> 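Got a structure here, written out as structure tokens. Questions coming.
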Amino acid sequence: MAASGKGHENWSSRSAFILAAVGSAVGLGNMWRFPAEAGENGGGAFVLFYMFCVLLIGLPVLLSEVLIGRHGQSSAPESVRRLARDSKAGEGWSILASMGVFAAFLILSFYCVVGGWVVYYIGVFVSDLFQTGVAGGAFDGRAASDVEGLLPGLFGNGGLMVGLNLGFLAVTMFFVARGVSSGIEWVAVYLMPLFFVLFLAITIYGAFTGNFGDAVTYLFTFDASKLTGEVMLAAVGQAFFSLSLGVAGMMTYGAYANRDTNLGETSGIIAGADTAVALLAGLAIFPIVFAAGLSASAGPGLMFQSLPIAFQAMPFGSLIGLAFFTMIFFAALTSSVSLLEAPTAWMFEKFNMSRAVATLIVGGGAAVLGVLSALSFNEMAEFYPLGFIPLFAETNFFDTLDGVTAKLFMPIGAILTCVFVGWIADAKLVDQENGLDGALHQLWRVLVRFVCPVILSVILIYGIFG
Ligand code: TRP
């Protein structure tokens, strides 16, 4: 680790910061949530609007968040407070980051549930490797419906769901307790590049064997009539979720960035890599969905049911399946680590406790909340905590947490961030951090001051009430 002179550790190099931030961004949001949301929101219109959101809203907000973090050199709420103080503005602005820290905690609690499913599938492919051997496809001789049935089978087993969830959370806690550079960087630096290559290979293979044409048409045909307020809100939410925005995550990581890192450039790399992986995931999963006659709107189960079917037909299927789900596990881990890091950093700074103790307290809270999410797919499937709100009618605990964070906390957090960085914070201080000049700098300021807050407010109101 490198000393920053400010009493906390920094990323050990510029590329390590980029990889860790990419590691935070690339996760289940890309492989699991993006295809599920795209399918539930009708494909093309959602996907193209999502890309529009990444470029016009996500990217400027991302830069705003990391620059707050690097200026403040602290946990997210403290970083906002420091920038406010240095700008002679009210320190109450830190509420935007406090809300974010709380939302990150909520996301962590259900994120680890899905992380648990990934662990389950690793187990499935390991045992399949012993049964069917290395050479042939996975699940030799078993019907496709059998393979699809693995996930409902897991859902039916509440004890296993909770156990896997807690297991995944425990691994996350282990890395966060070890600290930024020794724990988190290692996974990001060594495993993320490997993941990208394997993913590309699987997508290319799928392009030749699945129903690639239908998938491309489905994902990229723009049908304006499908672009409702709800679809737009879902697309913004997905852009934020995928880029780890709106809930203090990137502010937290920005604080660990070195002074000589160009934040503008880095933000572009992060957003580019993240979007590329999401689109790759769509192009890997939907050809199989269409070829196998699965339903595109299958939601959260989509990735877990379509990919194993693809591996069934692939040579070395069990081995590739095992490798792939292992990679997803690591991608998910670098993200869950960032989700836990945001509230943990706030806690140990605020209460002056050790990193390990703070990790235990936050992780313990997430464990309790996570049980309710883990049981949402069977035992508590009919429990609709916010059922009285139309946007969350017939929405179980898991989906309610997911919806509230992505559709309310993230857009609201982002609006406040834009107003703070664009209007409240001292422009000189902001410009010292952002690494932009010339026309790009002008463009960024216009986006942050006007375009983002206005578009986000409209989408938010239209999505909730429209
Ligand atoms: N972006 C991650 C993913 O796509 C999830 C995530 C990590 C996240 N940290 C975050 C989402 C902070 C919101 C805020 O899997």
Side-chain angles (χ1 to χ4, degrees), residues 21 24-25 29 33 50 53-54 56-72 74-84 89-111 232-255 267 270-271 274 335 338-343 345-346 391 400-425 430 447-449 451-461 463-464:
S24 165
R33 199 177 186 281
Y50 154 80
C53 290
V54 168
L56 243 63
I57 304 173
L59 196 48
V61 173
L62 174 58
L63 177 53
S64 306
E65 288 202 15
V66 287
L67 77 79
I68 291 175
R70 192 172 62 184
H71 180 87
S74 310
S75 74
E78 184 54 32
S79 288
V80 174
R81 188 172 299 127
R82 205 165 282 185
L83 182 54
E91 296 186 11
W93 281 97
S94 67
I95 184 87
L96 77 91
S98 311
M99 268 172 43
V101 163
F102 177 64
F105 165 76
L106 295 181
I107 298 170
L108 174 73
S109 76
F110 72 81
Y111 200 86
M232 287 200 266
L233 187 55
V236 180
Q238 175 58 26
F240 284 152
F241 188 96
S242 197
L243 291 170
S244 306
L245 294 180
V247 302
M250 286 296 181
M251 289 181 201
T252 310
Y253 270 25
S267 301
I270 297 168
D274 184 65
S335 300
S338 80
L339 285 164
L340 177 55
E341 175 68 16
W346 168 78
L391 195 59
T400 302
L401 278 192
D402 178 292
V404 166
T405 48
K407 292 176 181 161
L408 299 176
F409 274 97
M410 291 180 192
I412 293 172
I415 292 172
L416 293 174
T417 302
C418 288
V419 172
F420 177 66
V421 169
W423 296 93
I424 307 293
V430 167
L447 290 175
V448 168
R449 286 164 72 100
V451 179
C452 297
V454 171
I455 297 186
L456 281 173
S457 306
V458 172
I459 295 176
L460 190 60
I461 292 168
I464 295 174

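Keep in mind it's a predicted model, so treat the numbers as computed, not measured.
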> Tell me, with the steps shown, if Ile57 and Phe240 meet side-chain contact (heavy atoms from CB on, under 4.5 Å).
CA-CA 9 Å; Ile57 304 173; Phe240 284 152; 3.7 Å; yes
> Suppose the criterion is side-chain hydrogen bond (donor to acceptor under 3.5 Å, both in side chains): which pairs have a residue in residues 406-425, not counting sequence neighbours?
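Qualifying pairs, neighbours excluded: none.
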> Working note: Ile107 + Met410, criterion side-chain contact (heavy atoms from CB on, under 4.5 Å); need CA distance, chi angles, decisive distance, verdict.
CA-CA 11 Å; Ile107 298 170; Met410 291 180 192; 3.4 Å; yes
> Does the side-chain contact (heavy atoms from CB on, under 4.5 Å) test come out yes or no for Tyr111 and Phe241, once each step is laid out?
CA-CA 11 Å; Tyr111 200 86; Phe241 188 96; 3.8 Å; yes
> Mind checking the CD1-CG spacing from Ile270 to Leu63? Nearest 0.5 Å is all I need.
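With rounding to 0.5 Å, CD1 (Ile270) is 9.5 Å from CG (Leu63).
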> To the nearest 0.5 Å, what is the distance between OG on Ser335 and CG on Leu108?
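Here the interatomic distance stands at 11.0 Å.
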> Of all the heavy-atom pairs spanning Leu59 and Ala271, show the shortest one and how long it is.
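Looking at all heavy atoms of both residues, the shortest contact is CD1-CB, 3.6 Å.
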> Asp274: which residues meet the salt bridge (Lys or Arg N to Asp or Glu O under 4.0 Å) condition with it, sequence neighbours left out?
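For Asp274, no residue satisfies salt bridge (Lys or Arg N to Asp or Glu O under 4.0 Å) once neighbours in sequence are set aside.
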> According to side-chain contact (heavy atoms from CB on, under 4.5 Å), who are the partners of Ala239, at least two apart in sequence or on a separate chain?
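Residues passing side-chain contact (heavy atoms from CB on, under 4.5 Å) with Ala239: Tyr50, Cys53, Val54.
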> Do you know the tightest heavy-atom contact between Arg449 and Gly422?
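Heavy-atom minimum between the residues: NH1-O, 2.9 Å.
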> For the side chain of Ser79 and the backbone of Ser74, is there at least one donor-acceptor N/O pair under 3.5 Å apart?
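Flag set: sc Ser79 to bb Ser74 pair under 3.5 Å.
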> Would you indicate whether the side-chain heavy atoms of Thr405 and Val247 approach each other to under 4.5 Å?
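No, side chains not in contact.
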> Identify the heavy atoms of Ala345 and Thr252 that sit nearest to each other, and give their distance.
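Minimum heavy-atom separation between Ala345 and Thr252: CB-CG2, 4.2 Å.
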> Which heavy atom of Leu391 sits nearest to which heavy atom of Gly463, and what is that distance?
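Shortest heavy-atom separation between Leu391 and Gly463 comes out as CD1-O, 3.9 Å.
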> Looking only at heavy atoms, what is the nearest atom pair of Cys452 and Leu56, with distance?
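Residues Cys452 and Leu56, closest heavy atoms: SG-O, 3.4 Å.
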> What pairs with Ser244 under side chain to side chain donor-acceptor pair (under 3.5 Å), at least two apart in sequence or on another chain?
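Per chain and number, Ser244 pairs via side chain to side chain donor-acceptor pair (under 3.5 Å) with Ser24.
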> Would a distance-only check, ignoring hydrogens and angles, find a side-chain to backbone donor-acceptor pair under 3.5 Å from Glu91 to Glu78?
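Not a single qualifying donor-acceptor pair exists.
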> To the nearest 0.5 Å, what is the distance between CG on Leu96 and CE on Met251?
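Those atoms lie 5.0 Å apart.
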> Considering only heavy atoms from C-beta outward, does the side chain of Pro411 approach that of Ile459 to under 4.5 Å?
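Result no, sub-4.5 Å side-chain heavy-atom pair not found.
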> Report the residue from Ser98, Ser75, Ser94 that forms a side chain to side chain donor-acceptor pair (under 3.5 Å) with Arg81.
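Passing option: Ser94.
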> Would you give the length of the straight line joining atom CG of Leu339 to atom CZ of Phe105, rounded to the nearest 0.5 angstrom?
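Reported value, rounded in 0.5 Å steps: 11.5 Å.
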> For Gly249, does its backbone N or O pair with a side-chain atom of Glu341 as donor and acceptor, under 3.5 Å?
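No, Glu341 side chain to Gly249 backbone: no donor-acceptor pair under 3.5 Å.
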> For Ile464 and Leu408, what are the C-alpha separation, side-chain angles and deciding distance, and is it a side-chain contact (heavy atoms from CB on, under 4.5 Å)?
CA-CA 9 Å; Ile464 295 174; Leu408 299 176; 3.5 Å; yes
> How long is the span from the CG atom in Leu416 to the CG atom in Leu456, to the nearest 0.5 Å?
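Taking CG in Leu416 and CG in Leu456, the distance rounds to 10.5 Å.
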> Phe110: which residues meet the ring-ring contact (aromatic ring centres under 6.0 Å, His included) condition with it, sequence neighbours left out?
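Phe110 satisfies ring-ring contact (aromatic ring centres under 6.0 Å, His included) with Phe398 once adjacent residues are dropped.
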> Which residues satisfy the ring-ring contact (aromatic ring centres under 6.0 Å, His included) test with Phe420, sequence neighbours excluded?
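ring-ring contact (aromatic ring centres under 6.0 Å, His included) list for Phe420, sorted by chain: Trp93.
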> Mind listing the closest non-hydrogen atom pair of Ala25 and Leu243 along with its distance?
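Shortest heavy-atom contact: CB-CA, 4.3 Å.
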> Between atom CZ of Arg33 and atom CD of Gln238, what is the distance when rounded to the nearest 0.5 Å?
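That separation rounds to 5.0 Å.
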